[in-house]
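Everything quoted here is computed from the prediction, not taken from an experiment. Per chain, numbering begins at 1; letters A, B, ... match sequence-line order.
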Number of protein chains: 2
Amino acid sequence: MNLKQLSQLLELSQTTISRALNGYPEVSEQTRLKVVEAARKHGYNPNSNARKLATGRAGSIGYVLPVGKNVDLDPHFVEFLSGLGEHALSREVDLSLTPAPFERETEAYRRIATSRSVDGVYLSSMRNDEQRIALVRGLGLPFLAHGRALAPSEGYACVDIDNEGAFYAATQLLLQLGHRRLAYINGDIDFTFAVHRLNGVRRALKDFGLPPESLQHHSAAMNEDNGYRLAMTLFRDTDASERPTAVLSASMFSTLGIVRALNQLGLRMPDDVSIITHDDVFPFLKPESFSVPLTTTRSSIRAAGARICERLVDIITGVETEPVQEIWPVELIVRGTTGPVPAERKRMRGRTTEAAE
Amino acid sequence: MNLKQLSQLLELSQTTISRALNGYPEVSEQTRLKVVEAARKHGYNPNSNARKLATGRAGSIGYVLPVGKNVDLDPHFVEFLSGLGEHALSREVDLSLTPAPFERETEAYRRIATSRSVDGVYLSSMRNDEQRIALVRGLGLPFLAHGRALAPSEGYACVDIDNEGAFYAATQLLLQLGHRRLAYINGDIDFTFAVHRLNGVRRALKDFGLPPESLQHHSAAMNEDNGYRLAMTLFRDTDASERPTAVLSASMFSTLGIVRALNQLGLRMPDDVSIITHDDVFPFLKPESFSVPLTTTRSSIRAAGARICERLVDIITGVETEPVQEIWPVELIVRGTTGPVPAERKRMRGRTTEAAE
DNA sequence: AAATCAAGCCAAAGCGCTTTGAAACTGACT
DNA sequence: AGTCAGTTTCAAAGCGCTTTGGCTTGATTT
């Protein structure tokens with residue numbers, strides 16, 4: 001059933017049907033009701049491709065999905081997607097994923113833009129040598145970034161969390177607890193979020209008057225394996241005198257591995273080692289669920305997804321005109337894995353045990 | 001730049017340009033080269049909506065994305081998607097995700113079908129009371145199921161793994177090791193995969209001549225929390241005489257929690273408890289990475305994604321005509337978490353230790 | 001009673017592509 | 001020279017929708 005057939009059936013013009021269905025005022029309430037009813041009854045839905053062609057609007061937002069043997073679509077993405085989807089629903093937009101290997105990414109964006117298959121795109125996993133902002137802008141494709149680029153640092157719309165502030169606060173807490181030898185098991189430093197976080201940690205150290213050497217920094221993809229491996233390097237393969245007394249971790253997945261290493265080495269949290277992790281809020285992996293509840297910096301990546309969908313639609317429809325950079329504050333939630341530095345432990349044992357309980 | 005402009009530029013008809021670009025034989029190699037070159041140079045890409053309208057093909061496969069406060073898009077999905085994307089790329093198709101809350105799912109499929117926005121859909125997370133097969137078939141929408149329904153059991157195309165066989169084999173192994181009191185921490189029993197797996201476990205017990213009571217079965221969403229909770233019920237809240245000596249687990253996430261519970265209770269694998277887990281092969285969470293490497297049944301959900309994309313495209317293009325049910329065998333990989341039943345442990349200690357090393 | 005106006009409807013012109021059916025041009029064969 | 005098959009090109013008709021501009025009507029104003 002298409003528009004023409006329906007119009008013949010109702011003995012009305014296609015124009016009227018179209019207007020009735022799309023809520024234009026030029027049609028009487030009476031006919032509208034009749035039309036809507038008939039459409040429902042005969043299961044008429046406008047052909048989406050015809051409509052897209054006629055209006056020039058695609059009704060969907062796009063994302064170039066990195067694929068390839070070495071690219072793991074990680075759980076962060078799906079959680080983000082989940083939020084996006086939740087909001088997409090209420091705005092009646094679809095998500096269109098265009099798979100592309102990393103090296104052909106540019107081509108993919110170009111094709112998306114010239115073929116008008118989506119109304120706008122969101123960019124995520126911003127890298128240090130970010131090229132996409134200039135690219136999609138040049139292509140005239142509306143966009144919204146999840147995260148920020150190093151350069152240009154402004155002039156484009158984005159939603160990001162205050163990574164630097166979060167890790168500044170986390171580091172500060174550890175320093176206040178007396179820790180002086182820290183380690184940071186960071187994510188891949190090619191991504192800007194990792195740079196921002198590292199900046200936060202370093203700034204906190206500096207403000208506290210500690211030398212850069214007080215921090216051991218390791219960067220690797222955020223997963224269990226790397227967490228384990230790096231923790232082993234820190235605590236098994238390092239001289240006792242140089243071992244950190246506290247570890248910052250960029251993700252719950254890394255922390256899974258760190259905790260395994262500590263267990264294996266017989267080190268206890270927080271008595272021997274304090275840990276602070278960034279928590280993106282995964283419903284299937286909660287900081288409260290660890291053997292010792294994790295102290296975390298927390299920001300829901302799912303909420304970011306929802307917000308990004310909302311704003312991207314606003315940008316596409318012209319509601320939002322100026323490129324605003326929206327930076328979300330991050331909570332620091334103290335649970336059981338942070339305690340005083342070991343040297344001070346004895347005179348505070350009562351308190352520590354209680355906190356770790 | 002659109003087709004008309006390009007045709008004027010080259011002083012050729014739109015027909016010829018279109019044919020040249022789409023590789024039809026009616027155009028001389030010479031003109032084709034000229035056209036392709038010009039298109040590249042001027043950055044011409046056919047408007048995808050116009051093309052879709054004209055051909056009636058959408059060039060994308062669809063998925064109705066369940067959203068809602070209580071629906072967590074889980075890591076299984078993203079890994080699956082990753083495989084799908086990998087293959088989609090080579091076939092030049094996009095993925096179109098239509099978010100829909102569970103209760104309005106039917107409506108979403110209906111809209112997808114009548115609006116012709118995708119060429120076909122895949123269905124996943126098959127439920128016991130599966131309605132979607134009849135629905136999409138009735139709508140004339142080509143489809144491919146990931147997993148099988150209970151009814152109808154055949155007559156539709158699907159890709160599934162041999163869940164029953166996998167858990168039969170896993171159970172058999174445990175029985176051969178002397179275990180007689182088993183527990184199965186299953187996924188949500190509303191899904192058919194969970195039913196099939198339970199059938200496998202029960203059949204193995206029966207074939208071995210054990211009564212149904214030898215199995216304690218628990219069903220819940222597969223996550224860390226539930227794994228922990230259910231393991232606690234089994235090992236802390238149950239009389240010692242009734243405690244299982246071996247646990248089957250439906251997912252690595254549940255097992256994460258089970259292991260945490262066992263650690264907390266001071267129970268060791270495999271000396272006190274044997275564990276077999278189903279592993280969907282997540283790059284970020286590997287069975288080898290557990291404190292004791294996990295014995296698993298293994299089948300890559302990512303590979304399933306790639307295969308499903310491949311076959312769905314074949315179904316859409318008419319290459320595949322008969323609905324075939326493709327069932328993949330599942331490997332059983334013995335690592336460190338399976339050993340003889342505790343009672344027999346003493347006289348076999350040497351071997352167990354070795355296996356668990 | 002004529003003039004004005006809004007409400008409700010319509011015919012037709014796009015949107016940018018693919019595809020049909022026909023035309024024009026080649027050379028080769030009678 | 002005339003015919004024919006094969007090649008290369010084209011004009012025009014869709015695909016199913018939205019939207020412009022205009023046409024009727026009946027009611028309201030002058």
Side-chain angles (χ1 to χ4, degrees), chain A residues 1-36 38-39 42-60 92 94 111-119 140 317, chain B residues 1-36 38-39 42-60 92 94 111-119 140 317:
Chain A
M1 165 79 48
N2 60 22
L3 183 59
K4 193 171 177 182
Q5 290 165 6
L6 189 63
S7 76
Q8 286 166 351
L9 199 79
L10 289 171
E11 298 187 324
L12 283 170
S13 76
Q14 299 189 27
T15 310
T16 305
I17 310 278
S18 172
R19 299 210 139 134
L21 258 27
N22 292 320
Y24 283 75
E26 296 94 335
V27 48
S28 75
E29 204 50 40
Q30 191 186 338
T31 13
R32 182 194 311 284
L33 240 59
K34 205 167 62 186
V35 170
V36 168
H42 294 90
Y44 168 75
N45 263 325
N47 177 303
S48 77
N49 297 131
R51 158 179 262 169
K52 286 174 186 174
L53 178 59
T55 57
R57 272 174 268 116
S60 67
E92 296 213 316
D94 286 348
R111 219 188 55 214
I112 280 183
T114 56
S115 75
R116 309 263 109 160
S117 51
V118 302
D119 296 321
T317 54
Chain B
M1 164 80 45
N2 60 23
L3 184 59
K4 194 171 178 182
Q5 291 165 7
L6 189 63
S7 76
Q8 284 166 351
L9 198 80
L10 288 171
E11 298 188 324
L12 282 170
S13 76
Q14 300 189 26
T15 310
T16 306
I17 311 275
S18 172
R19 296 212 142 133
L21 259 26
N22 291 322
Y24 282 74
E26 297 95 332
V27 50
S28 72
E29 204 49 40
Q30 192 185 337
T31 17
R32 161 169 295 123
L33 241 60
K34 206 167 61 186
V35 171
V36 169
H42 295 88
Y44 169 73
N45 264 325
N47 177 302
S48 76
N49 296 131
R51 158 179 261 168
K52 286 174 186 175
L53 178 57
T55 58
R57 272 174 267 115
S60 66
E92 297 212 316
D94 288 345
R111 220 187 53 214
I112 280 184
T114 54
S115 76
R116 308 263 107 155
S117 52
V118 302
D119 296 322
T317 55

I need the minimum non-hydrogen distance between Leu53(B) and Ala50(A), along with the two atoms involved. CD1-CB, 3.7 Å
Under 3.5 Å, side-chain donor or acceptor atoms of residues 15-22 of chain B against the rest of the protein: list the pairs with distances, not counting sequence neighbours.
| unit_1 | atom_1 | unit_2 | atom_2 | d |
| --- | --- | --- | --- | --- |
| Thr16(B) | OG1 | Ser13(B) | OG | 3.1 |
| Asn22(B) | OD1 | Arg51(B) | NH2 | 2.8 |
| Asn22(B) | ND2 | Ser18(B) | O | 3.1 |

Hey, is the main chain of Pro25(B) close enough, under 3.5 Å, to the side chain of Arg32(B) for a donor-acceptor pair? no
Any side-chain heavy atom of Gln8(A) within less than 4.5 Å of one from Lys4(A)? yes
Report yes or no: does Ser48(A) contribute a side-chain atom to a donor-acceptor pair with the main-chain N or O of Ser115(B) at less than 3.5 Å? yes
Check DNA chain D against residues 25-34 of chain A and give the residues with a non-hydrogen atom under 4.0 Å, in numerical order. none
Taking Asp119(A) for its side chain and Gly59(A) for its backbone only, find out whether a donor-acceptor pair lies under 3.5 Å. yes
With a cut-off of 6.0 Å (strictly less than), are more than 12 heavy atoms of other residues, nucleotides or ligands near CZ of Arg57(B)? no
I'd like to compare against my own output: the B/S/- annotation of nucleotides 15-21 of chain C with a strict under-4.0 Å heavy-atom distance to protein. BBBBBBB
